[in-house]
**Student:** 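This is the structure I have questions about; it appears just below.
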Amino acid sequence: MILWGVVVTVVLLFSTYILRKRKQDAEMAENLNTIREMNRDLEAITQQKNTDLRKELLWRLNVAQKVVELNKIMVSGTKNSDSLLKEFNHIVYGTTDIAEQWNALFNAFNNARPGYADKIRAYYPDLTDNEFRICILTYAGFRVKEIALILKQAPNTIQTRRTEVRKKTGIAQGEDFADFLDRKIL
């Protein structure tokens, strides 16, 4: 009888243990699925932010290209064309100085990625102002010719400076610029 009671007690304890273990496994699986869903959502949000940043900056670049073309057309020197150009620049950039287009792009970058430019600057203080600008624009996905247009430099100069930025930041040749910075800084 005592042996029978011990066997029943052991079976009940073992059954309770198995049920708890299954419940814990089910909870663990549910938590793991939740974490995977959160990770997918975070990746989707990050991808969307990267897309939004590129779209915003490309829109600004498109406006900048139009301003450059307008400047070429309006070189006639008449007062009407000058005042029209100044008004257009003021509407687009909030200033009458075409050189402020970098500030407009930089502000768009800061709006899309608050504080990220400051982190890059703090993490890589050896970058010159020009290298920092190239770093920001390269991170945003701009090609060499687009950066050259924005910074009013030759594409070869931009390519050389991008190589210098890669060396200063430790980015290997062929490695994705944005992915590297995100891993390092975030």
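All figures in this text were calculated on a predicted structure; none of them were measured in a lab. Residues: numbered from 1 along the sequence shown. We use all heavy atoms of the structure for the numbers below, so side chains are in, but hydrogens, waters and symmetry mates are not.
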**Student:** Please write out which residues are connected to V8 in a hydrophobic cluster, directly or through intermediates, given that two of Ile, Leu, Val, Met, Phe, Trp, Tyr count as joined at side-chain heavy-atom separations below 4.5 angstrom.
**Tutor:**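 Taking Ile, Leu, Val, Met, Phe, Trp and Tyr as members, V8 shares its hydrophobic cluster with W4, L12.
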
**Student:** State the CG-NZ distance between D126 and K167, to the nearest 0.5 angstrom.
**Tutor:**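 That separation rounds to 14.5 Å.
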
**Student:** Quick test of your reading: applying side-chain hydrogen bond (donor to acceptor under 3.5 Å, both in side chains), list the pairs with at least one residue in residues 154-163, sequence neighbours left out, ordered by first then second residue.
**Tutor:**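 Sorted pair list: Q153-R161.
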
**Student:** Supply the atom-to-atom distance Y123 OH to L181 CG, rounded to the nearest 0.5 angstrom.
**Tutor:**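 If we round to the nearest 0.5 Å, Y123:OH and L181:CG are 10.0 Å apart.
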
**Student:** Is it true that R183 and D179 have a side-chain N and a carboxylate O under 4.0 angstrom from each other?
**Tutor:**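 Looking at D179 together with R183, the answer is no, because their closest N to O distance does not fall below 4.0 Å.
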
**Student:** What do you reckon, is CZ of R20 surrounded by more than 12 foreign heavy atoms closer than 6.0 Å?
**Tutor:**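 No, CZ of R20 has 12 or fewer neighbouring heavy atoms, counting only those of other groups under 6.0 Å.
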
**Student:** If you measure from CD1 on I134 to CZ on F132, what distance do you get to the nearest 0.5 Å?
**Tutor:**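 The CZ atom of F132 is 12.0 Å from CD1 of I134, to the nearest 0.5 Å.
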
**Student:** Write down the atom of A117, the atom of I136, and the distance for their closest heavy-atom approach.
**Tutor:**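 Result for this residue pair: CB-CD1, 3.9 Å.
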
**Student:** Run through the side-chain heavy atoms of Ile, Leu, Val, Met, Phe, Trp and Tyr, join any pair under 4.5 Å, and report what else lands in I2's cluster.
**Tutor:**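 Members besides I2, by chain and number: V6, V10.
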
**Student:** Looking at CG of D118 and CG of N110, how far apart are the two atoms once the value is rounded to the nearest 0.5 Å?
**Tutor:**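 Going from the CG atom of D118 to the CG atom of N110 covers 6.5 Å.
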
**Student:** G5 and T9: which non-hydrogen atoms are nearest, and at how many Å?
**Tutor:**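 Where G5 meets T9 most closely, the heavy atoms are O-OG1, 2.7 Å.
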
**Student:** Quick one: do R121 and D129 make a salt bridge, cutoff under 4.0 Å?
**Tutor:**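 A salt bridge links R121 with D129.
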
**Student:** Answer yes or no: does atom CD of E30 have more than 12 heavy-atom neighbours from other residues, nucleotides or ligands under 6.0 Å?
**Tutor:**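 At most 12 heavy atoms, drawn from other residues, nucleotides or ligands, come within 6.0 Å of this atom.
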
